[in-house]
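What follows is one structure encoded as structure tokens, with my remarks underneath.
Nothing fancy with the numbering, it's 1 onward along the sequence.
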Amino acid sequence: MSVRIDSVTDLTVDEIRLQYIAALNALLSPAKEILRLAITANKDVVVTVGLVAAILHRVIECSTSIAILAGQNRVRDMAVLLLNLMELRVDLQYIALNPKHEAEWLTHQNEWRKPWKLDRQLKCVFTNPSEREAEAEIYHIFSMIKHGSPAKDATCLTERIRTDTPRCGVAFKITC
């Protein structure tokens, strides 16, 4: 079954999940091949290709895990990995903006945090304010899910998607 963005509302949640898994799996094979070819073609370029390859390999791992979790309808666990994918993508985009960022990444010594704060990266990577705001909003939602924000309620997410209501909670309640 082929899915267009305007037809998603007519699908059941299970149909959407199955389409998502199929689309993700269709992307993984070419991604693995691109990674293999990039490493082979640039085997003498040690640092940059090694850094990009390591991050892309992690992207492939996360994507594979997301596909597995989607099959089990583990939405919150998928969101945690999607947050990780977003961070990896922004890291790659930020590093690509300036060769000094690569050196800064490679020489960074603090095990507790990355060399840059995400808001700084978003400002540099997304120069369009509305695009930057959308990225920050996605990051905020996935972070709430990851950290189990007790101030937010997961039941609102489905309603928000169906009715396009203003932002609401998507994490989970701490109490029973």
Check the pair Leu88, Leu56 against side-chain contact (heavy atoms from CB on, under 4.5 Å), reporting the backbone distance first and the verdict last.
CA-CA 8 Å; Leu88 291 168; Leu56 287 176; over 6 Å; no

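- Under the 4.5 Å side-chain contact rule for hydrophobic residues, Leu81 and Ile68 do not share a cluster.
- Residue-environment remark: CD (Glu133) stays at or below the threshold of 12 foreign heavy atoms within 6.0 Å.
- Taking the side chain to side chain donor-acceptor pair (under 3.5 Å) definition, one finds that Glu131 meets it with nothing, sequence neighbours left out.
- Side-chain contact between Phe142 and Val80 is absent, with no heavy-atom pair separated by less than 4.5 Å.
- The two residues Cys124 and Leu97 come nearest to each other via the heavy atoms O-CD1, 3.6 Å.
- Rounding to the nearest 0.5 angstrom, the gap separating the CE atom in Met78 from the CG atom in Leu83 is 13.5 Å.
- Partners of Lys114 by salt bridge (charged side-chain N to carboxylate O under 4.0 Å, His left out), not counting sequence neighbours, listed by chain and number: Asp91.
- Residues satisfying the salt bridge (charged side-chain N to carboxylate O under 4.0 Å, His left out) test with Arg132, not counting sequence neighbours, are none.
- With contacts defined as side-chain heavy-atom distances shorter than 4.5 Å, the pair Ile66/Leu85 qualifies.
- The side chain to side chain donor-acceptor pair (under 3.5 Å) contacts involving residues 62-75 comprise Arg74-Asp77, where partners must be two or more places apart or lie in separate chains.
- Taking Glu87 as the reference, Tyr139 meet the side chain to side chain donor-acceptor pair (under 3.5 Å) condition, with sequence neighbours excluded.
- Shown here are the side chain to side chain donor-acceptor pair (under 3.5 Å) partners of Trp116, two or more places apart in sequence or in another chain: Glu104.
- The two residues Ser130 and Asn128 come nearest to each other via the heavy atoms OG-OD1, 2.7 Å.
- Counting non-hydrogen atoms of neighbouring residues, nucleotides and ligands closer than 6.0 angstrom, the NE2 atom of His108 exceeds 12 such neighbours.
- A distance of 9.0 Å separates CD1 in Ile95 from NE2 in His101, rounded to the nearest 0.5 Å.
- A donor-acceptor contact shorter than 3.5 Å is absent between the side chain of Glu111 and the backbone of Gln109.
- Counting heavy atoms from C-beta outward, Glu135 and Met86 have side chains that approach closer than 4.5 Å.
- Between Phe126 and Val90, the closest side-chain pair of non-hydrogen atoms falls below 4.5 Å.
- The only option from Gln121, Arg89, Glu102, Arg120 that meets the side-chain hydrogen bond (donor to acceptor under 3.5 Å, both in side chains) definition with Tyr94 turns out to be Arg120.
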